[in-house]
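Numbering starts at 1 and runs along the sequence shown. Order of appearance sets the numbers: ligands from 1, and atoms from 1 within every ligand.
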Amino acid sequence: MAGARGGHRLILALETSCDDTCAAVVKAGTIRSNVISSQAAAHERFGGVVPEVASRHHLELVNSVVDAALADADATLSDVDTFAVTRGPGLIGALLVGISTAKALAAATRKPLVGVDHLHGHVAANFLEPDALEPPFVCLIASGGHTLLAGVREHGGFEVLGQTLDDAAGEALDKGARMLGLGYPGGPAIEREAASGDPGAFEFPVAMAQGPGLDFSFSGLKTALLYAIRNLGPERTEARLADLAASFQAAVVEQLVAKLKRAMKDGEWPAVALGGGVAANGLLRARVTELCADRKLRLKLVAGELCTDNAAMIGSAAQFVEPTAYPGYLDWDARA
Ligand code: KG4
Ligand code: ZN
């Protein structure tokens, strides 16, 4: 394993793969600072993330976010031993802002740089103190861009056990919320509306629940919601909004839980973790808590700000990836 716990290096990490501009300082598995500047308000009126808008906001925000991360950690640039940055997957223009900034900071100080896979970052959020989770475990990562089951046997990487064949779970919630006129980001909006609704009121398909594999699919569910809205018409849709939101949310969560259950079936994995923005969902947390209690599995639920995109998770992953010495990283570009 490359550099377990990073040899107690002070790591400054950057994450700009989507619409959050993030920088963090991590040392020996402990968060010294974790600064997140959300651009959600800038994208709200478009009902989703606009790549060009995201890149421009990252450019405006990145320097002050880095300064804030250093100040919160009571550190200066010269205290940093290693820099880390998300190389992908994500929006190319957005990633490049973080990568160029990290390269410039590392090169100016002739320090090493670690390129981190974004999904490894979501897994590595679980390695952070307090209560760091040790492999082996299964991590369900569900966000606006990704939905997958990661089998984690070592700190330095993971195996993809199953993943979405079309939309991500968060993307389905975002699109569903837009169809229901509930605003962006859709997951929290649907969860709020669902609180007063009946999850059994509409029968939306729980795709792939019977299939033998561990892959996911959410595009059929989106179409089912569209037909339900068309059949009801605008007035009855408005009147049944809470029931529609509750039933739609339940169908998304039930599919995630069905696949997680299947992954845990043969008792190979002693622990479960959740990551990605959708892991903030109360129903999903409750259902997975039940599942783990039933099967006597350890459940790790990190704080909300470590579920959604952040740079502390990138710093955490960087502890277990071999750094690249100066000037080896100067020609790095983004990995879509
Ligand atoms: O991990 P994340 O911040 O960004 C990436 O997509 O990588 O995840 C954002 C996604 C959005 O689709 C948002 O609607 C969803 O997470 N989300 C939620 C909740 N909070 C955020 N989905 C369901 N329930 C929530 N409470
Ligand atoms: Zn993410």
Side-chain angles (χ1 to χ4, degrees), residues 13-22 24 34 36-40 43-44 46-51 54 58 86-91 94-95 98 116-126 139-148 150 158 163-164 167-180 182-195 197 199 216 218 221-222 245-246 248-257 273-288 301-314 316-317 336:
L14 277 84
E15 149 65 44
T16 63
S17 66
C18 191
D19 63 339
D20 293 312
T21 316
C22 316
N34 189 22
I36 302 165
S37 180
S38 169
Q39 304 177 8
H43 299 276
E44 194 173 358
F46 303 109
V49 177
V50 182
H58 284 309
T86 307
R87 283 193 76 183
L91 304 170
L95 286 162
V116 176
D117 174 273
H118 181 78
L119 297 166
H120 185 204
H122 277 299
V123 166
N126 298 290
C139 185
L140 169 66
I141 302 170
S143 71
H146 311 280
T147 298
L148 75 151
F158 61 91
Q163 60 190 319
T164 185
D167 291 349
E171 186 181 1
L173 288 162
D174 291 339
K175 288 178 179 168
R178 186 151 60 168
M179 285 186 234
L180 294 169
L182 291 174
Y184 174 83
I190 287 199
E191 184 169 20
R192 274 193 302 276
E193 189 64 37
F216 303 86
F218 294 97
L221 177 57
K222 199 178 57 190
F248 187 74
Q249 174 182 252
V252 171
V253 168
E254 287 318 315
Q255 186 184 157
L256 294 172
V257 172
L274 298 183
V278 182
N281 184 270
L283 179 63
L284 177 63
R285 285 182 170 237
R287 295 282 288 112
V288 175
L301 292 175
V302 295
E305 69 271 20
L306 293 176
C307 283
T308 49
D309 289 348
N310 66 86
M313 70 182 195
I314 301 303
S316 176

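Put simply, the side chain of Arg178 does not reach to within 4.5 Å of the side chain of Tyr184, judged on heavy atoms. Counting only heavy atoms from C-beta outward, the side chains of Ser17 and Leu91 never approach each other to under 4.5 Å. Within the 4.5 Å cutoff, the side chain of Ile314 has no heavy atoms near those of the Leu14 side chain.
Distances shorter than 2.8 Å separate the Zn ion (ligand 2) from the protein N/O/S atoms His118 NE2, His122 NE2, Asp309 OD1.
Against a heavy-atom cut-off of under 4.0 Å, Gly170 is close to the following atoms of ligand 1: 12 (O). Within ligand 1, counting atoms from 1 as listed, the ones closer than 4.0 Å to a heavy atom of Gly145 are 6 (O). Applying the 4.0 Å criterion to heavy atoms of Thr308 picks out, from ligand 1, the atoms 1 (O), 3 (O). Atoms of ligand 1 found under 4.0 Å from any heavy atom of Asp174, numbered from 1 in the order shown, are 11 (C), 12 (O), 13 (C), 14 (O).
Salt bridge annotation for Lys222-Glu171: absent, with no cationic side-chain nitrogen under 4.0 angstrom from a carboxylate oxygen. Salt-bridge check for Lys175 with Asp167: passed, with a basic side-chain N closer than 4.0 Å to an acidic carboxylate O.
Thr147 places no side-chain N or O within donor-acceptor distance of the main-chain N or O of Ala142, the cut-off being under 3.5 Å.
Of the N and O atoms on the side chains of Glu15 and His118, at least one donor lies less than 3.5 Å from an acceptor on the other residue. Side-chain contact annotation: Asp309 with His122, donor-acceptor N/O pair under 3.5 Å present.
Evaluated for a side chain to side chain contact (heavy atoms under 4.5 Å, CB included) with His146, the options Leu119, Thr164, Val278 yield exactly one hit, Leu119.
Any N or O atom pair closer than 3.5 Å counts here, and Cys18 shares no such pair with ligand 1. Considering both main-chain and side-chain atoms, His146 never comes within under 3.5 Å of ligand 1 through any nitrogen or oxygen pair.
Using a 4.0 Å cutoff on heavy atoms, Gly186 counts as a contact of ligand 1.
Ring geometry, Phe216 versus Phe218: the interplanar angle falls under 30°, so the pair is classed parallel (tilted spans 30 to 60°).
Contact annotation for Leu173 and ligand 1: only side-chain heavy atoms (C-beta onward) come within less than 4.0 Å of the ligand. Using a 4.0 Å cut-off between heavy atoms, Pro188 contacts ligand 1 through both its backbone and its side chain.
Of the candidates Gly144, Gly277, Gly276, Gly277 brings a heavy atom nearest to atom 15 (C) of ligand 1.
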- Task: Begin with the C-alpha distance, continue with both residues' side-chain angles, and end with the deciding distance and a verdict on side-chain contact (heavy atoms from CB on, under 4.5 Å) for Gln249 and Leu283.
- Result: CA-CA 8 Å; Gln249 174 182 252; Leu283 179 63; 3.9 Å; yes
